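Some notes on the structure that comes next.
Sequential numbering from 1 along the given sequence is applied to the chain's residues. All values reported here derive from a predicted model rather than from experimental measurement.
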Amino acid sequence: MIKENIFLNVLTSRNSPDHIFKHAEKQGLSREEVEKLLREDKILDFYKRELMLWRMHHLVEEIVLQHPTHSNGDLTEILVLKWNEKENVKITKSDCKQFIESMYLQLDNRKRAFISLCNNDIQSCLVYLRKDSFPMVEWLLRLGLLVGKRELDIIDIAKVIVKKHFPHVSEKDEIFDAFRKLNFTMKTEKKRIKFDFERIKNYKKAFVLNDLSFSRGLSSFILDEIQSYNTEPFIHFKTVLQSFLDSELRASNTEKEEEQTLNFQSDKQEINLDNTEDQNDTISEIFEEVQGKVNLKPAVTMGGNKDMDLLSAVESLKEKAVRHLDLVNSYKVKIEELEKENLRLSRQVEIYEQSKVETSYEKFTSFIKSLGGREGNFALHELFKESNGDSHQDPLQTQGRLITLFSSMQLMGVEPYLANYQLDEIVTLNKMDIGNKFTVKSMIQSSTEDVQVKIVGYGWTLNGKILVQPIVEQVK
């Protein structure tokens, strides 16, 4: 482990001090050397490391919200730049990649659900989640811990929502599992798992609702779901969340008023209009026309009142400018309508893609039935017996069954994939390429960017889409 890997060490150990030192020991570092590295980065204290990981968590969510169409690779590029600009602990692209993959946001549908929630579009959020309850439970816990009078008040709220929208799961098990994945639990000396109230209290002290990108959308959703409950802790949650939303609305209105004031002052100084093909008059043309009127009027009126002529010309300019602005505003309205329609169509496409996934699942169940039944000559049964050492079949029969298995998988659209490489081929690749294009069998341990790796296993595609990248391991 070198200094640049200290963040990765904290991440992979889930910030457990014992595990941090054990990881380091495997890499040849003593406890004193690790403590020195942590002290240099001002994260020797357990809770400072904890808050560092949460700040990274929040930053990833902000970036996803700002760049909704970016891939995980693109998000990694942005994350490493933004983090290293302001944090003491410097991280690499590999660290960022591993952090994103450790979060719930590594999956596209979860990203879309998160973005919908932040935009207060709960219906789209639930469509994207479908039966995937974990992100919702995590959001509920993270927000609820900041709102509740007591640390575990959110459990009552979460149970109501999970039971209604995810009836296929055990709400109690799902909630406790989310606490565990969020590192809000600990093991006792008897290896039992219990809530880590010290960690929860430090989380509550460190953050407020506005630190969560999804706080407004989720607050509205929770209020709608618990409106009919009139006991504690529901009353407290309704009071706090309604107050929070009211203050957010006032702040938003104030911001809009300030923006309108600035725009009005700007319009008084200069009318800045976008060029469009349909515009027959530009501001310069209007001024030329007015200037012509002002210059010619005295000759026409034979010494008439120049001030009146100028006033008339300015009024004409104002009327044309108003018409021009109305035209531009109408274009803006149409553009907004088109953007909304585009968003609606995008969601329809997403729903269609989801139905394709469900169709694929149905195909898969059909595949299992055929392979396990008479049509496949009970190949699945025989292979399972062989895997347990319970069968003494001829090797040729085993090979035949395996051929049946992989032929059936090919009919399902499942194909082996090596990305134009050969099995057992040794190649030198950049760490970033390895992270993006391959599955690493064990962690790469190299101080250089270019690493020699061996292609040791097939990846897999479904209908041409890569599901599993080819497997590589570092050449020692």
Side-chain donor-acceptor contacts of residues 415-425 below 3.5 Å, not counting sequence neighbours, with atom names and distances?
from, atom 1, to, atom 2, distance (Å)
Glu415, OE1, Gln410, NE2, 3.4
Glu425, OE1, Gln422, N, 2.8

How long is the span from the [atom1] atom in [X] to the [atom2] atom in [Y], to the nearest 0.5 Å?
| X | Y | atom1 | atom2 | value |
| --- | --- | --- | --- | --- |
| Asn119 | Arg216 | CG | CZ | 10.0 Å |
| Ile222 | Gln242 | CD1 | CD | 12.5 Å |
| Tyr203 | Phe184 | OH | CZ | 5.5 Å |
| Lys431 | Asp450 | NZ | CG | 10.0 Å |
| Leu75 | Gln66 | CG | CD | 10.5 Å |
| His67 | Glu62 | NE2 | CD | 10.5 Å |

Q: Not counting sequence neighbours, which residues clear side-chain hydrogen bond (donor to acceptor under 3.5 Å, both in side chains) with Lys163? List them please.
A: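 Lys163 satisfies side-chain hydrogen bond (donor to acceptor under 3.5 Å, both in side chains) with no residue once adjacent residues are dropped.
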Q | Contacts of Ser213 that satisfy side-chain hydrogen bond (donor to acceptor under 3.5 Å, both in side chains) - sequence neighbours left out | A |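 Ser213: no side-chain hydrogen bond (donor to acceptor under 3.5 Å, both in side chains) contacts found.
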Can you confirm whether [X] sits close enough to [Y] that some side-chain heavy atom of one is under 4.5 Å from a side-chain heavy atom of the other?
| X | Y | value |
| --- | --- | --- |
| Val472 | Thr439 | no |
| Gln106 | Asn72 | yes |
| Ile100 | Thr76 | yes |
| Met136 | Cys125 | yes |
| Ile471 | Tyr458 | no |
| Lys194 | Thr185 | no |
| Asn210 | Phe244 | yes |
| Asp121 | Leu117 | no |

Minimum heavy-atom distance [X]-[Y], with the two atoms named:
| X | Y | result |
| --- | --- | --- |
| Gln474 | Met443 | OE1-O, 4.4 Å |
| Lys90 | Glu87 | NZ-O, 2.5 Å |
| Ile91 | Cys96 | CD1-SG, 3.3 Å |
| Phe114 | Val64 | CD2-CG1, 4.0 Å |
| Ile455 | Phe438 | CD1-CE2, 3.9 Å |
| Val162 | Val169 | CG1-CG2, 3.8 Å |

Pair [X], [Y]: side-chain N/O donor-acceptor within cut-off below 3.5 Å:
| X | Y | answer |
| --- | --- | --- |
| Asp74 | Ser71 | yes |
| Asn202 | Arg199 | no |
| Glu77 | His70 | no |

**Q.** Face-on cation placement of Lys131 at Phe166 ring, 6.0 Å and 45° thresholds
**A.**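 So Lys131 doesn't make the cation-pi contact.
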Q: Please test Lys187 against Arg192 for side-chain contact (heavy atoms from CB on, under 4.5 Å), starting from the C-alpha separation and ending with a verdict.
A: CA-CA 5 Å; Lys187 282 186 179 180; Arg192 296 184 64 183; over 6 Å; no
**Q.** His165 and Phe221 aromatic ring geometry - parallel, tilted or perpendicular at 30°/60° bounds
**A.**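 Plane angle between 30° and 60°, so tilted.
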(Q) Just to verify, which of Leu182, Leu59, Asp211 counts as forming a side chain to side chain contact (heavy atoms under 4.5 Å, CB included) with Trp54? (A)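 Checked Leu182, Leu59, Asp211 against Trp54; only one passes side chain to side chain contact (heavy atoms under 4.5 Å, CB included): Leu182.
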Q | Worked check of side-chain contact (heavy atoms from CB on, under 4.5 Å) between Met432 and Asn436 | A | CA-CA 6 Å; Met432 196 66 188; Asn436 289 334; 3.8 Å; yes
Q.
Suppose we screen for salt bridge (charged side-chain N to carboxylate O under 4.0 Å, His left out). Which residues come up paired with Lys454, at least two apart in sequence or across chains?
A.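 Scan of Lys454 (salt bridge (charged side-chain N to carboxylate O under 4.0 Å, His left out), adjacent residues dropped) gives none.
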Q. What pairs of residues pass the salt bridge (Lys or Arg N to Asp or Glu O under 4.0 Å) test when at least one of them lies in residues 101-110, not counting sequence neighbours?
A. Lys97-Glu101, Asp108-Lys111, Arg110-Asp132
Check residues 138-154 and write down every donor-acceptor pair under 3.5 Å in which the side-chain atom is one partner and the other belongs to a residue at least two apart or another chain.
from, atom 1, to, atom 2, distance (Å)
Glu138, OE2, His57, NE2, 3.3
Glu138, OE2, Arg142, NH1, 3.1
Trp139, NE1, Tyr104, OH, 2.9
Arg142, NH1, His57, NE2, 3.4
Arg142, NH1, Glu61, OE2, 2.7
Arg142, NH2, Glu61, OE1, 2.9
Arg142, NH2, Glu61, OE2, 3.3
Arg150, NE, Asp153, OD1, 3.1
Arg150, NH2, Asp153, OD1, 3.1
Asp153, OD2, Lys149, N, 3.4
Asp153, OD2, Arg150, N, 3.1

Q: Carefully, step by step, assess Phe195 and Phe176 under the rule ring-ring contact (aromatic ring centres under 6.0 Å, His included).
A: CA-CA 9 Å; Phe195 292 107; Phe176 190 78; 5.4 Å; yes
Q) Is Asp45 reaching over with its side chain to a backbone N or O of Tyr47, donor-acceptor style, under 3.5 angstrom? A)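 Side chain of Asp45 to backbone of Tyr47, a donor-acceptor pair under 3.5 Å: yes, one is there.
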